[in-house]
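Residue indices begin at 1 and follow the sequence shown. Reckoned from all heavy atoms, side chains included, excluding hydrogens, waters and symmetry mates. Order of listing sets the numbers, starting from 1, for every ligand and every atom in it.
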Amino acid sequence: MVPAVHGGAGAGPDGDRRGPAVENRRVHRRALLCGLAAAALTACGGSAPRKTGGVGTARPGDKIAAAADVPVGGGVLVDLPGDAQLLLVQPAEGQIKAFNPSCPHVGSLVNPPARGVITCPLHGSTFDAATGVVEKGPSPRGLAEVAVTRSGGDVLLA
Ligand code: FES
């Protein structure tokens, strides 16, 4: 049996034998692309903190939204202190629920529901808007519900 050979003397990082000049051009091209990507992130507000799903630094009893801001039959992502977001839904009049919008697959934030379905934009998992139960993977499970309560016209963290 012949052992597999990767690289070797005179070979580039991919096993080619075009020599160091080709290898150096590849390194320079890669460095240039990385530099452009970093510049694009900065230009696009790359310094803004990334939101995570959850309650952040909010405490039980904190107001997290006005009930009137949660559309019946839909939902809305709300910002919480600590760069966090929660997904509030109101599948039927007066039934407000909250879900952690972090997709259980690899953590992308899901979109608010449309026509009764919550969709993760990263790989397309879908969840029932009323229960958070996963309808289509790759997510291995549903969205985690977060307890909330109503006080007059306010939605509070329970
Ligand atoms: S992160 Fe949501 S489906 Fe992959």
Side-chain angles (χ1 to χ4, degrees), residues 4 6-7 12-15 26-158:
H6 302 279
D14 300 322
R26 283 186 184 160
V27 171
H28 290 306
R29 193 177 317 148
R30 190 174 303 139
L32 176 64
L33 289 173
C34 290
L36 290 174
L41 282 174
T42 302
C44 296
S47 60
R50 186 171 185 266
K51 301 278 185 196
T52 58
V55 300
T57 58
R59 301 279 207 193
D62 286 352
K63 175 183 173 181
I64 55 175
D69 291 340
V70 186
V72 177
V76 64
L77 286 164
V78 295
D79 291 335
L80 295 184
D83 295 320
Q85 284 191 322
L86 273 186
L87 175 61
L88 296 180
V89 298
Q90 189 169 193
E93 177 81 39
Q95 296 179 351
I96 294 181
K97 290 182 166 185
F99 297 108
N100 183 329
S102 287
C103 179
H105 182 218
V106 290
S108 179
L109 295 182
V110 299
N111 292 325
R115 291 179 293 285
V117 177
I118 298 167
T119 302
C120 177
L122 195 55
H123 305 109
S125 288
T126 60
F127 308 88
D128 183 285
T131 63
V133 169
V134 66
E135 293 180 338
K136 185 187 93 181
S139 178
R141 60 188 174 281
L143 300 174
E145 187 168 351
V146 175
V148 293
T149 186
R150 293 266 309 254
S151 176
D154 294 335
V155 181
L156 311 177
L157 208 55

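Residue contacts with ligand 1 for Cys120 involve side-chain atoms from C-beta outward but no N, CA, C or O (heavy atoms, distance under 4.0 Å).
Minimum heavy-atom separation, Pro101 to Gln85: CD-O, 3.2 Å. Contact detail for Val89 and Phe99: the closest heavy-atom pair is CG2-CE1, 3.7 Å. In this structure, Val110 and Pro121 approach most closely via the heavy-atom pair CA-CD, 4.0 Å.
Residue contact check: Cys103 has heavy atoms under 4.0 Å from atoms 1 (S), 2 (Fe), 3 (S) of ligand 1. Contact atoms of ligand 1 toward Ser125: 3 (S) (distance under 4.0 Å to a heavy atom of the residue). Residue Ser108 approaches ligand 1 through these ligand atoms, each under 4.0 Å from one of its heavy atoms: 1 (S).
Take the N/O/S atoms of His123: the one nearest atom 4 (Fe) of ligand 1 is ND1. The N, O or S atom of His105 lying closest to atom 4 (Fe) of ligand 1 is ND1.
No option in Leu87, Asn111, Asp128 other than Leu87 meets the side chain to side chain contact (heavy atoms under 4.5 Å, CB included) test with Ile118.
Judged purely by atom type and a 3.5 angstrom limit, Glu135 has no side-chain atom pairing as donor or acceptor with the backbone of Thr126.
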